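To start, the structure itself, in C-alpha cells.
Small disclaimer: the values here were computed from a predicted structure and weren't measured. Just so it is clear: chains get the letters A, B, ... in the order the sequence lines come, proteins before strands, and each one is counted from 1.
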There are 2 protein chains.
Amino acid sequence: MTSKQEFIEKLRNSSLRPTKQRINICEVLFNRDKTFHFTISDLFNLIKDKTGEKISLATVYNTVHAFHKKGYLKEIPINSNQTYFDTNVTDHHHFFDVKEEKLIDLKNEDIGPIEIQKSIPGKKIKSVEVLVKLED
Amino acid sequence: MTSKQEFIEKLRNSSLRPTKQRINICEVLFNRDKTFHFTISDLFNLIKDKTGEKISLATVYNTVHAFHKKGYLKEIPINSNQTYFDTNVTDHHHFFDVKEEKLIDLKNEDIGPIEIQKSIPGKKIKSVEVLVKLED
DNA sequence: TTCCTTGTTTATAATTATTCTAAAGAAGAT
DNA sequence: ATCTTCTTTAGAATAATTATAAACAAGGAA
C-alpha cells in the first residue's frame, strides 16, 4: 500500500501543491502492484469510478504532464489518436495488441540488449523504445 | 527518374484511379532518391510548391491512407500530434531528433537483429519498431 | 487565527489533426 | 457520346488537447 505521504512527495517534487484532486490522481496512478498503461481518458474515468469524486479533465492533463516532465510517467510511442502513458518508468518495451488496443510490458530480458552502432554528431541518445505490434 | 507509368501502376494496385491529383501526390512521394519522412501537412504543402497545383486536403488524406493500406507507405510510431509516414517500407528503424522534430533512418545493420523471446498465445508479431530519441 | 499572495480548479472556448458529407466533376466502359 | 461509377472538393463534424479567466484553496506571515 502506497502511502499518501509518498503521493505528496511526488507532487512536491513535481512543483505541484498536494490538492485533493491531485492526490486522487495519484491514488489511481500509483496505488497499484503492477505497471499501469493508460490514456488520459482512461484515467479520467477511473478517478470518477475509484474515488467517487469529480475532477476536471484539464486538471488531469496538467498533472499527468507535470509527472511526465518530472519522470514519474513515461509516454509510450504508438500511433493512436490518443496518447498512452506508463507508470513503469524503467527502461523497458512493449507489445501492442492492435486489435484490442492493449499494451503489454516486455522486460528487457525478453528482447536482449539493443546496441545502436550509428551516431549523429552533436546528439546523444535519450531513449530507446521497441514497439512490437501483434495481430491475430 | 521514376516514370508516370509506375505511379499509375501503384495507384491501380491500390484500387485508385489515376487522377491528376493522385499523380501529383505520387510525384512528391515517390520521385526521389532518398527515403522521405513526412506528415500529411508536409505533403500537402510540398504538392502546392512542387507542382504548382492546388489539391484538397481530404484527397491527400485519402490517397495516403490507401497507399499505407496497400503497403506503399509505412506509418512511423512516434508520439507527436501529427502522424508521420515513410516512403521506405523495408524493415528498418529510426532516430528521432526531438528538438528538430526530424526523423533519420537507421539501417537494420545499425541495430542488429532483435529477438523477441516472449510470445502471447493466439497472437503473432506483425511488426517490430525501434525508435531512438536523440537530444543535444 | 486572519489576511494575503500565489497557485489551482473548473467550465468553457479555442485549437488542431483527422474524418465525414454531399454535391459537382472526371474516368472508363460500352 | 452516354452512362455509371469513382473522385474531388469545400466545408462541416469529431475528437484530443491546450488555453483562458474567474472562483477557489493552500501556505506563509503577522
Side-chain angles (χ1 to χ4, degrees), chain A residues 4-5 7-29 37-48 51-70 73 75-85 101, chain B residues 4-5 7-29 37-48 51-70 73 75-85 101:
Chain A
K4 191 168 165 183
Q5 272 316 308
F7 300 157
I8 291 176
E9 199 180 327
K10 274 197 164 68
L11 287 166
R12 291 223 188 275
N13 287 341
S14 311
S15 313
L16 296 176
R17 284 185 184 168
T19 63
K20 180 161 58 78
Q21 290 88 339
R22 287 173 179 157
I23 302 274
N24 283 343
I25 293 175
C26 288
E27 287 285 353
V28 175
L29 283 182
H37 303 121
F38 66 96
T39 65
I40 296 287
S41 157
D42 293 337
L43 181 53
F44 178 72
N45 292 320
L46 277 173
I47 290 164
K48 253 193 317 215
T51 71
E53 295 184 50
K54 200 169 167 292
I55 191 172
S56 161
L57 191 56
T59 300
V60 181
Y61 271 101
N62 293 338
T63 307
V64 165
H65 286 157
F67 280 151
H68 176 236
K69 191 175 170 191
K70 185 64 189 178
L73 291 175
E75 199 177 354
I76 305 171
I78 289 193
N79 280 117
S80 165
N81 45 338
Q82 296 180 87
T83 305
Y84 281 80
F85 293 91
E101 289 212 325
Chain B
K4 191 167 164 181
Q5 272 316 308
F7 300 157
I8 292 176
E9 199 180 326
K10 274 197 164 69
L11 287 165
R12 291 224 188 274
N13 287 341
S14 311
S15 312
L16 297 176
R17 284 183 184 168
T19 63
K20 180 161 58 78
Q21 290 88 339
R22 287 171 178 159
I23 303 275
N24 283 343
I25 292 175
C26 288
E27 287 285 352
V28 175
L29 284 182
H37 303 121
F38 66 96
T39 65
I40 297 286
S41 157
D42 293 338
L43 181 53
F44 177 72
N45 292 320
L46 278 173
I47 291 164
K48 254 192 318 211
T51 71
E53 295 185 50
K54 200 170 167 293
I55 192 173
S56 162
L57 192 56
T59 301
V60 181
Y61 271 100
N62 293 338
T63 307
V64 165
H65 286 158
F67 280 151
H68 176 235
K69 190 175 172 191
K70 184 65 189 177
L73 290 175
E75 199 177 353
I76 305 171
I78 290 193
N79 279 117
S80 166
N81 45 337
Q82 296 179 89
T83 306
Y84 280 81
F85 293 91
E101 289 211 327

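When all heavy atoms of A:F44 and A:I55 are compared, the pair lying nearest together is CE1-O, 3.1 Å.
Residue A:T83 places at least one side-chain N or O under 4.0 Å from the OP1 or OP2 atom of D:dT17. In this model, the phosphate group of C:dT19 is approached by a side-chain N or O of B:H65 to a distance below 4.0 Å at OP1 or OP2. Here A:R12 reaches the OP1 or OP2 of D:dG27: one of its side-chain N or O atoms lies under 4.0 Å away. At the phosphate of C:dA27, neither OP1 nor OP2 sits under 4.0 Å from any side-chain N or O atom of B:K20. Between B:T19 and D:dT8, a side-chain N or O to OP1/OP2 separation shorter than 4.0 Å is present.
Partner of B:V64 under the side chain to side chain contact (heavy atoms under 4.5 Å, CB included) criterion, out of B:T39, B:L73, B:T83: B:L73 alone.
Where B:S15 and B:K54 meet DNA chain D, the nucleotide closest to each residue was compared, and B:S15 sits on the side nearer the 5' end.
Between the P atom of C:dT18 and the CZ atom of B:F44 lies a distance of 13 Å, rounded to the nearest Å. Atom OH in B:Y61 sits roughly 7 Å away from atom P in C:dT19 (whole-Å rounding). In this structure, the CD atom of A:Q82 is 14 Å from the C1' atom of C:dA17, given to the nearest Å. In this structure, the OH atom of A:Y84 is 11 Å from the P atom of D:dA16, given to the nearest Å. Here the P atom of nucleotide D:dT17 and the CZ atom of A:F85 are 8 Å apart, to the nearest Å. Rounded to whole Å, atom C1' of C:dT18 lies 15 Å from atom CG of B:L43. In this structure, B:I23 atom CD1 and D:dT7 atom P are separated by 13 Å, rounded to whole Å. The CG-P distance, from A:N62 to C:dT10, rounds to 11 Å in whole Å.
Salt bridge annotation for A:K48-A:E53: absent, with no cationic side-chain nitrogen under 4.0 angstrom from a carboxylate oxygen.
In this structure, of D:dA16, D:dA25, C:dA27, it is D:dA25 that holds the atom nearest to the side chain of A:R17. The listed nucleotides are C:dT8, D:dT8, D:dA16; the one nearest the side chain of B:Q21 is D:dT8. With D:dA19, D:dA26, C:dA27 as the choices, the nucleotide that has an atom nearest any side-chain atom of A:A58 turns out to be D:dA19. Listed nucleotides D:dT7, C:dT18, D:dT8 differ in distance to B:T59; the shortest reach to its side chain belongs to D:dT8. Of the listed nucleotides (C:dT18, D:dA16, C:dG28), C:dG28 has the atom at the smallest distance from the side chain of B:P18.
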Apply side chain to side chain contact (heavy atoms under 4.5 Å, CB included) to B:F7 and B:I25, showing your working. CA-CA 9 Å; B:F7 300 157; B:I25 292 175; over 6 Å; no
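In the model, B:T59 has no side-chain atom that pairs as donor or acceptor with a side-chain atom of B:N62 under 3.5 Å.
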